[in-house]
Amino acid sequence: MMTAVDGTDFGLRCDGCGLILRGLGAALHRWDLAWSVLRRYGWFGERTTGGPHCCPRCVRHGVPAAHDDL
């Protein structure tokens with residue numbers, strides 16, 4: 001299951017509801033920096049690009065996807 005797409009520009013997909021954030025690479029340049037910012041906004045999941053990742057809405061509603069932040 002791929003939830004982040006690496007490259008010059010990349011995005012992130014929630015494994016719970018499918019919400020997609022596009023264009024993260026244009027503003028944040030690196031996955032580790034993007035994930036650090038997204039964690040502050042309530043995203044959960046593994047720190048790797050492969051995920052799984054879960055958006056704040058799914059975390060609030062208890063959608064089982066990626067609640068263990070390794």
Side-chain angles (χ1 to χ4, degrees):
M1 174 179 342
M2 179 57 114
T3 58
V5 179
D6 289 320
T8 304
D9 199 7
F10 53 87
L12 175 66
R13 180 178 57 85
C14 174
D15 292 305
C17 68
L19 172 71
I20 298 174
L21 299 179
R22 300 182 194 277
L24 297 173
L28 298 169
H29 310 294
R30 297 186 335 252
W31 169 253
D32 59 335
L33 179 57
W35 185 243
S36 173
V37 170
L38 291 168
R39 287 282 301 135
R40 292 183 203 146
Y41 285 96
W43 283 77
F44 277 85
E46 293 190 33
R47 291 183 177 128
T48 65
T49 58
H53 302 112
C54 193
C55 74
R57 179 178 55 191
C58 287
V59 171
R60 281 192 309 272
H61 291 41
V63 174
H67 297 269
D68 294 332
D69 193 15
L70 303 174

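One is the number of the first residue; the rest follow in order along the sequence.
Of all non-hydrogen atoms in His53 and Glu46, the two that sit nearest each other are NE2-O, 3.0 Å. Closest approach of Cys55 and Cys17 over heavy atoms only: SG-SG, 3.8 Å. Closest approach of Leu28 and Ala34 over heavy atoms only: CD1-CA, 3.5 Å. Here the closest non-hydrogen pair linking Ala26 and Asp9 is N-OD1, 3.2 Å.
Counting heavy atoms from C-beta outward, Leu21 and Phe10 have side chains that stay 4.5 Å or more apart. Counting heavy atoms from C-beta outward, Cys54 and Trp43 have side chains that stay 4.5 Å or more apart. Taking the side chain as every heavy atom from C-beta outward, Leu24 and Leu38 approach each other to under 4.5 Å. Counting heavy atoms from C-beta on, the side chains of Thr49 and Trp35 never come closer than 4.5 Å.
In terms of modelled atom types and a separation under 3.5 Å, the side chain of Trp31 and the main chain of Arg47 share a donor-acceptor contact.
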Set out, in order, the CA-CA distance, both residues' side-chain angles and the distance that settles side chain to side chain contact (heavy atoms under 4.5 Å, CB included) for Arg57 and Leu19, then state yes or no. CA-CA 10 Å; Arg57 179 178 55 191; Leu19 172 71; 4.3 Å; yes

